[in-house]
A.B. asks: 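Handing you a structure now.
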Amino acid sequence: MSTEGPISDEVYWQEQWNKSGVFETEISGDKPPFYCLEMYPYPSGKMHMGHVRNYSIGDAVARYKRMSGFEVLYPMGYDSFGMPAENAAIKEGGHPHDITEKNMNSITQQIKRMGFSYDWRRMIKSHDPKYYKWNQYFFTKFFENGLAVQKFAPVNWCESCSTVLANEQVKAGRCWRCNGPVKQKDMSQWFLNITDYTQELLDGLEQIDFPNNVKLLQQDWLGRSEGCEIKFEIENFEQDIEVFTTRPDTLFGVTFVTLAPEHPLAEMLVKDTEFESAWRDLFEETSIMSEFDRIKNLGAKKGVPTGKFVIHPLTKEKIPIWIGNFVIASYGTGAVMAVPGHDERDFEFAKRYDIPVKRVLVTKEDQEPSSELKKAETELGWMVNSPVAGFDGLYGEDAKSAISDKLHEIGMGKKIVQWKIRPWLISRQRYWGTPIPIIHCKDCGPVAVPEEQLPVELPRDVEFTGKGNPLETSESFLNVDCPKCGKPARRETDTMDTFVDSSWYFLRYTDAMNHDICFDKDVANHWMNVDFYCGGIEHAQMHLIYARFWTKALRDLGLHDIDEPFQSLLCQGMVNKAAPWCEPCGVTLPVEHIDKNCPHCDSPLSLRSAKMSKSLGNTVSPEDMVDNFGADTVRLFILFAANPTAGMDWSDKALQANYKVMQQMEKIPDNILGWGNEETEMDSWLLARLKQRVIDWKDAMDEYDLRRAVELSHYELPKDINWYVRRGGNNSSVGSKVLKSWSFMIALATPHLAEDWWKQIGESGLLASQVMDEVSDLNEQEKAILDSEELLKSFLENARKVKSIAERHLEGSAQQAKIVVSPDWKRDLAKMALSHIISGGNPKQFIGLLANSELVNDENKGQVMGFWSKRMLPQVFKWDDDTREIILSKLSEFKVFMDRTEFISNELGLVRVEVIMAESPEDDTGKAGAAMPLSPAIVYS
RNA sequence: ACGGGGGUGGCUGAGUUGGUCAAAGGCGCCGGGCUUAAGAUCCGGUCCGUAAUGGUUCGUGGGUUCGAAUCCCAUCCCCCGUACCA
């Protein structure tokens, strides 16, 4: 690829924007606020294409809203706590703070080079004590109100990161960050009770405009299920077993009860019995086994009996208690009532251990109650075989309620709602995060650090060895006096999950320069919630749930009045690039295998698009692209290559093509301003066309259809200019009017070029500070001129086709053409049919109307009716709305062609063009039958 | 397994409240103008057929309709989530 670098002096314009402060936002009072935000990035040293895409989308929206008269809050900052910096310190030496600052400076330079319109004064960074002080402040408030609690519990432990993880951070039994195996470990940890907000988090999804898949993911993760908690008394034992079930209607089908191996009762029941060693083996196997291995062995259901029994609450039957590896200790009560007849897992388990299977539901109302169960029938059904009267024949929800009510009545159960989501585990045993502001005192227990002592800063005197929590090596940090009793105490060494930082940063941005409080309530209320939030789908359940929770929790502390942080969310698609692909093996290989055979099976490799990744080597460096083509070209390509939400393929060729577009556009102001000052009919066409383009462009932007908007500004308008010139337009004062509006339009994707244009057309100041004029709707005259030209274009397209066919039959090339315009009765027929259909008439009924209309008489009946069903009926629906409007309008087809015969003969390379009314005395062509409204017959000679 | 999203012309990829769809845009390819030439740029073409406005096509097979890429049923394939949630 050879280029001559950026088209505009991009750095110059960036300096101008910066100097003038055009992107610095304050509450103005007279402009409506708009909050545009992109997801808080982790500051790796290099910006990648995913960032570029994300911010190109956000910047286009921010610029659009600004030029549309909004006061736009558009900030940027860094989610700068987290393990990569700490790991780098362990590996390469140095301190996470210095590494982070260095990376941040480097990525900031790269982001700034793209020309995004951020208010950089508001920049915030998680690792700044002035920021994380507020994490600590909120935490102490949560500690006071019971939202933050310390619990000794089995937690997910990642050995290679040497820290615990939240449930959401465990993907397929592996760590979301390092992909290492995750084990269960019992530890004392800090949790936030996100579970207090489950119902509100679920209901809130209906108030916000999130993509459907994100809503579904959050719903699944919250995992609401309605059911019944049932108490089973254990025979000759002082405790009960409580189970949770969503299917109380199958209660009579219970043939055993199963406990999780970790259930506290399990050990108690088998202690000192013949079953103890078998339980112990199962316990070791499941609880020590990493969750990853558990998943691999999924389906291998194993269990041990306990030799003990429960009493069925309704039938008083004795039911054996088992311990099974498929029961999860942390969901529900860690115990299940097993109904093999109507649950697949229980069926499998029962078959394996030869436990009886009972039918208590039939899936067809008239089915024989004694029919055999060949597999678990899990769908809802009618109750049968109930040993207690009053239940048989009940179906579905009625059946469930009947059992629940009965249990409630006798005090053996109640309806409850169970959630899948657990409290958010926020403790991390790592250095590079917000210290949890708690002091452990022997006498007073855990005590919150008083507000005036915040922030608890991270100490510098620590060593990064990769073993243990570095904070434990800092004596200055550890030793502290208890704030309550003043005796020597010890500081908490856990730090907070970095998702805490990103759970409220958007609130901080609203008042980022205020160092007295976290944010002013009125200011936050003014800007919030975020109107347009853009980022990757990967945060669908973690960040986007935590931030919603945190917003509600702060609201309940009285800090603001907002329920939901993000009003509308756009998840941008991935940036992909082709990589070698082996069809037989089904694997994507690194780019060094291009043009080689598969290293596994030796078959030839094809290419397939894959997410850009270092391991495949199919990455593209934004820096190089910006150096070679300029930020504008890269942004244009990224916005034009695909819709914001669709995946896009990086293509060097397409980038080149966009560079060509930029080269053309660079010359446009010079060309246009070089026009003469002739006035032609085309002037009003061009102005009407511009208006139409602006209207369409605004519509597209209002729906965040950036691809369409860019298509209009960078592809359609240049074509319009060409058409204008071709049709004889040559008026620079019209041209400069066009350029003025057009400059705004191109500023979304190519803001630097837009400033060049603005300057060239002699406007003063920066385009970035201007608000665009309002546009009115198209008036009748404007519509008519647009229609006439559209008619001409479509005519020419057809005429060219016909010409090449005709010339095969003529001797030599065509010299003349007769345009045979369709007769009035066809247009009248079309009008009549269109009005019938537009007013909601059934097309089938039209033929009856037609037969009785003035259009039809005895003589022409056959012709008109035949024409209707053969030609007009299919055509009526093919006309688009614009064309329909033209047909229904007064526009004279005959006149449109008459006025343009000279242009038509030039375009078609003819000596003479005649326009004739079909079925008139002048028509000697015999081709009138082919003429349709707006589509004349054309006869060459 | 369950949940979600897809299968469109040489490639890529829009398009699903049924008629604006032989189907946008981009890339590629072909022809023409301009040029000594190349490049750039502009104009035109790019399923088949025809002095005509017709045929066939949107994974496969059926159906509804005056009319289906778009709706319904069946079926095959691909991608992404989740992971025994009682």
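To find a chain, count down the sequence lines: A is the first, B the second, and so on, and within it residues start at 1.
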A.B. asks: For the pair A/R345 and A/E348, find out whether any cationic side-chain nitrogen is under 4.0 Å from an anionic carboxylate oxygen.
C.D. replies: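 Judged by the 4.0 Å cut-off on N to carboxylate O distance, A/R345 and A/E348 do not form a salt bridge.
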
A.B. asks: Does any N or O in the side chain of A/K215 come within less than 3.5 Å of the main-chain N or O of A/L205, such that one atom is a donor and the other an acceptor?
C.D. replies: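 Yes: the side chain of A/K215 pairs with the backbone of A/L205.
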
A.B. asks: Could you please name the partner base of B/G28, counting Watson-Crick and G-U wobble pairs only when both distances are under 3.5 Å?
C.D. replies: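 B/G28 is paired, partner B/U46.
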
A.B. asks: Under the 3.5 angstrom rule, does the side chain of A/T333 hit a backbone N or O of A/E242 as a donor-acceptor pair?
C.D. replies: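 Yes; at least one donor-acceptor contact below 3.5 Å.
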
A.B. asks: Please determine whether a side-chain nitrogen or oxygen atom of A/T258 lies at a distance below 4.0 Å from atom OP1 or OP2 of B/A86.
C.D. replies: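 No.
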
A.B. asks: Taking the six-membered ring for Trp, is the centroid-to-centroid distance between A/F629 and A/F637 below 6.0 Å?
C.D. replies: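 When the ring centroids of A/F629 and A/F637 are compared, they turn out to be at least 6.0 Å apart.
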
A.B. asks: Could you tell me whether A/D343 and A/R247 have a side-chain N and a carboxylate O separated by less than 4.0 Å?
C.D. replies: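 A salt bridge is absent here (no side-chain N lies under 4.0 Å from a carboxylate O).
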
A.B. asks: Return the polar atom pairs (N/O with N/O) between nucleotides 48-51 of chain B and the protein under 3.5 Å, or none.
C.D. replies:
from  : atom 1 : to     : atom 2 : distance (Å)
B/A51 : OP1    : A/H809 : ND1    : 3.4
B/A51 : OP1    : A/H809 : NE2    : 2.7
B/A51 : OP2    : A/H809 : NE2    : 2.3
B/A51 : O5'    : A/H809 : NE2    : 3.2
B/A51 : O2'    : A/K927 : NZ     : 3.1
B/A51 : N6     : A/Y940 : O      : 2.6
B/A51 : N1     : A/Y940 : N      : 2.6
B/A51 : N1     : A/Y940 : O      : 3.3

A.B. asks: Residues two or more places apart in sequence or in another chain: which of them pass side chain to side chain donor-acceptor pair (under 3.5 Å) with A/W221?
C.D. replies: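 Partners of A/W221 under the side chain to side chain donor-acceptor pair (under 3.5 Å) test: A/E168.
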
A.B. asks: Below 4.5 Å, heavy atoms only, C-beta onward: do A/L636 and A/T633 meet side chain to side chain?
C.D. replies: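 A side-chain contact under 4.5 Å is absent here.
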
A.B. asks: Measure the distance from CG on A/D343 to P on B/A86 and round it to the nearest whole Å.
C.D. replies: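 To the nearest whole Å, that distance equals 9 Å.
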
A.B. asks: Over how many whole Å does the gap from A/K420 atom NZ to B/A86 atom P extend?
C.D. replies: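 Result: 9 Å.
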
A.B. asks: Would you mind classifying the nucleic acid contact of A/R422 as base, sugar-phosphate or nothing, using non-hydrogen atoms under 4.0 angstrom?
C.D. replies: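 Base contact - A/R422 has a heavy atom under 4.0 Å of at least one base atom.
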
A.B. asks: How would you list, by chain and number, every residue that makes a side chain to side chain donor-acceptor pair (under 3.5 Å) with A/R224, sequence neighbours excluded?
C.D. replies: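 A/R224: side chain to side chain donor-acceptor pair (under 3.5 Å) contacts with A/Q199, A/E226.
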
A.B. asks: What is the distance from CG of A/D220 to C1' of B/C80, rounded to the nearest Å?
C.D. replies: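 From A/D220 CG to B/C80 C1': 13 Å.
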
A.B. asks: Over all strands shown, is A/A937 touching base, sugar-phosphate only, or nothing at heavy-atom distances under 4.0 angstrom?
C.D. replies: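 If one applies the 4.0 Å heavy-atom cut-off, A/A937 turns out to touch a base.
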
A.B. asks: Check the distance between B/G39's P and A/Q664's CD and give it to me in whole angstrom.
C.D. replies: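 In whole Å, B/G39 P lies 16 Å from A/Q664 CD.
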
A.B. asks: So which heavy atom on A/E377 is nearest to which on A/H342, and how close?
C.D. replies: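 That would be O-ND1, 2.9 Å.
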
A.B. asks: With rounding to the closest Å, how many angstrom separate the C1' atoms on B/U56 and B/U8?
C.D. replies: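 Here B/U56 and B/U8 have their C1' atoms 15 Å from each other.
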
A.B. asks: Could you tell me whether the side chain of A/K414 reaches within less than 4.5 Å of the side chain of A/L407, counting heavy atoms only?
C.D. replies: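 No, side chains not in contact.
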
A.B. asks: Give none if B/G18 has no partner; otherwise give the nucleotide forming a Watson-Crick or G-U wobble pair with it, both distances under 3.5 Å.
C.D. replies: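 The answer is none; no pair meets the criterion.
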
A.B. asks: A/T333 near the nucleic acid: base, sugar-phosphate alone, or nothing, with a heavy-atom cut-off under 4.0 Å?
C.D. replies: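 Result for A/T333 = nothing.
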
A.B. asks: Looking only at atom C1', what distance separates B/U46 and B/G26, rounded to whole Å?
C.D. replies: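 The answer is 15 Å between these two C1' atoms.
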
A.B. asks: Whole Å only: how far is the CG atom of A/L251 from the C1' atom of B/A86?
C.D. replies: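 Rounded to the whole Å, the gap is 13 Å.
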
A.B. asks: Could you list the protein-to-nucleotides 20-27 of chain B atom pairs, N/O on both sides, closer than 3.5 Å?
C.D. replies:
from  : atom 1 : to     : atom 2 : distance (Å)
B/U20 : O2'    : A/D880 : OD2    : 3.3
B/G25 : O4'    : A/E711 : OE2    : 3.3

A.B. asks: Does B/U36 have a Watson-Crick or wobble partner in any strand here, with both distances under 3.5 angstrom, and which is it?
C.D. replies: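 The base-pairing partner of B/U36, which may sit in any strand shown, does not exist here.
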
A.B. asks: A/N722 near the nucleic acid: base, sugar-phosphate alone, or nothing, with a heavy-atom cut-off under 4.0 Å?
C.D. replies: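 Result for A/N722 = sugar-phosphate.
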
A.B. asks: Quickly work out the A/L222 CG to B/C85 C1' distance and round it to whole Å.
C.D. replies: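 Between C1' of B/C85 and CG of A/L222: 14 Å.
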
A.B. asks: Could you let me know what B/A1 is paired to, Watson-Crick or G-U wobble, both distances under 3.5 Å, or none if it's on its own?
C.D. replies: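 B/U82 is the nucleotide pairing with B/A1.
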
A.B. asks: What's the gap between B/U65 and B/A22 when it is taken at their P atoms, as a whole Å value?
C.D. replies: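 To the nearest whole Å, 22 Å.
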
A.B. asks: Are A/L791 and A/L934 packed together at the side-chain level, in the sense that at least one heavy-atom pair is separated by less than 4.5 angstrom?
C.D. replies: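 Sidechains of A/L934 and A/L791: in contact.
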
A.B. asks: Using the C1' atoms only, state how far B/G67 lies from B/A1, rounded to an integer number of Å.
C.D. replies: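 The answer is 41 Å between these two C1' atoms.
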
A.B. asks: With sequence neighbours left out, write down each residue that passes side chain to side chain donor-acceptor pair (under 3.5 Å) with A/H312, or none if nothing qualifies.
C.D. replies: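 A/H312: side chain to side chain donor-acceptor pair (under 3.5 Å) contacts with A/T315.
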
A.B. asks: Check whether any side-chain nitrogen or oxygen of A/R727 sits under 4.0 Å from OP1 or OP2 of B/C43, and answer yes or no.
C.D. replies: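 Answer is no, no contact under 4.0 Å.
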
A.B. asks: Determine the interatomic distance between P on B/G4 and the same-named atom on B/G55; round to the nearest Å.
C.D. replies: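 Each nucleotide's P atom is 40 Å from the other's.
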
A.B. asks: What integer distance in Å separates A/F347:CZ from B/A86:P?
C.D. replies: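 Spelled out: CZ on A/F347 to P on B/A86 is 20 Å.
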
A.B. asks: Can you tell me, in whole Å, how much space there is between the P of B/C76 and that of B/G61?
C.D. replies: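 About 15 Å, rounded to a whole number of Å.
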
A.B. asks: Would a distance-only check, ignoring hydrogens and angles, find a side-chain to backbone donor-acceptor pair under 3.5 Å from A/Y331 to A/W419?
C.D. replies: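 It does not hold such a pair.
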
A.B. asks: State which of B/A86, B/G44, B/G81 makes the closest approach to the side chain of A/I328.
C.D. replies: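 Of B/A86, B/G44, B/G81, B/A86 is nearest to the side chain of A/I328.
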
A.B. asks: Of A/E344 and A/W723, whose nearest nucleotide on RNA chain B comes first from the 5' end?
C.D. replies: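 Counting from the 5' end, the first nearest nucleotide belongs to A/E344.
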
A.B. asks: In the 5'-to-3' direction, what one-character label does each nucleotide of nucleotides 4-9 of chain B receive under the scheme B = base within less than 4.0 Å of a protein heavy atom, S = sugar-phosphate only, - = no such atom?
C.D. replies: S-----

A.B. asks: Is it the case that the ring center of A/F256 lies less than 6.0 angstrom away from the ring center of A/F349?
C.D. replies: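 Yes: the rings meet the under 6.0 Å criterion.
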
A.B. asks: Using the P atom as the point on both nucleotides, what is the distance between B/C66 and B/U12, in whole Å?
C.D. replies: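 Between the two P atoms, the distance is 37 Å.
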
A.B. asks: Atom CG of A/D720 and atom P of B/C43: how far apart are they, to the nearest Å?
C.D. replies: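 Those two atoms, CG and P, are 11 Å apart.
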
A.B. asks: B/C58 and B/A23: how far apart are their C1' atoms, nearest whole angstrom?
C.D. replies: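 One C1' to the other, the span is 8 Å.
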
